[in-house]
Amino acid sequence: MKHSMNQQTRRGQGPARRIGRTLAFVLPVVLVLSGTLAVTRVNWSGNSTDPVLTAADTSVGSPRAAKRAPQDILRDKLLTELQEEDPGVALTHLQQAVNGRPSLAKHCASIARALGQAAVRVYGPTRAQSYARPVCDTAFATGVAAAHS
């Protein structure tokens with residue numbers, strides 16, 4: 001009787017054991033193949049002509065983007081906001097950027113002046129001056145005055 005009990009126990013473990021062994025062999029193979037296929041789908045050259053993954057994001061990894069200083073990136077973003085929204089929105093975002101990243105404070109006046117000059121080109125001197133506020137002292141108003149002169 002003891003013998004038949006062991007056979008039932010072994011039979012009960014037999015299919016589970018076979019499935020476990022099969023998975024133990026197949027699963028690593030599947031993982032390696034899927035990883036290999038994922039790597040081959042990446043465009044490692046960085047020249048993206050296909051909307052497939054690229055290994056290096058061209059906006060971040062390009063030499064040109066690497067040379068741009070944070071204040072230049074912020075200035076360009078704010079100039080775009082000035083044209084799409086209004087100077088008030090751009091000045092608010094400038095103040096928030098300087099508050100969030102104090103290292104930009106030394107560039108605040110030059111960015112605000114550039115915003116003032118751009119506001120004159122887009123809105124005219126009178127309307128541009130109406131957006132002036134004490135962000136970076138009076139640099140925005142100085143930019144408006146310089147562009148109007």
Please report the interatomic distance [atom1]([X]) to [atom2]([Y]), rounded to the nearest 0.5 Å.
| X | Y | atom1 | atom2 | result |
| --- | --- | --- | --- | --- |
| D76 | T80 | CG | OG1 | 6.5 Å |
| Y131 | L91 | OH | CG | 10.5 Å |
| I73 | L104 | CD1 | CG | 10.0 Å |
| L82 | R121 | CG | CZ | 9.0 Å |
| Q129 | F140 | CD | CZ | 7.5 Å |

Exactly one of E81, K77, E85 should register a side-chain hydrogen bond (donor to acceptor under 3.5 Å, both in side chains) with H93. Which one does?
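Running side-chain hydrogen bond (donor to acceptor under 3.5 Å, both in side chains) over E81, K77, E85 with H93 returns exactly one hit, E81.
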Using side chain to side chain contact (heavy atoms under 4.5 Å, CB included) as the criterion, point out the one residue from R101, K106, H107 that pairs with Q71.
H107
Does one hydrophobic cluster hold both L74 and V89, with members joined at side-chain heavy-atom distances below 4.5 Å?
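Shared cluster, no.
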With no hydrogens and no angle check, do the side chains of R133 and T92 hold a donor and an acceptor under 3.5 Å apart?
yes
Under the side-chain contact (heavy atoms from CB on, under 4.5 Å) rule, what do Q83 and L79 come out as? Steps first, then yes or no, please.
CA-CA 6 Å; Q83 292 176 355; L79 287 170; 5.7 Å; no
Is there side-chain contact between C108 and L94, with heavy atoms separated by less than 4.5 Å?
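Result yes, sub-4.5 Å side-chain heavy-atom pair found.
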Testing the basics here: between A147 and Q117, what is the closest heavy-atom pair and its distance to 0.1 Å?
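Nearest pair, atom of A147 first, then Q117: CB-CA, 3.8 Å.
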If you take all heavy atoms of Y123 and A128, which pair is closest and at what distance?
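Shortest heavy-atom contact: CB-N, 4.2 Å.
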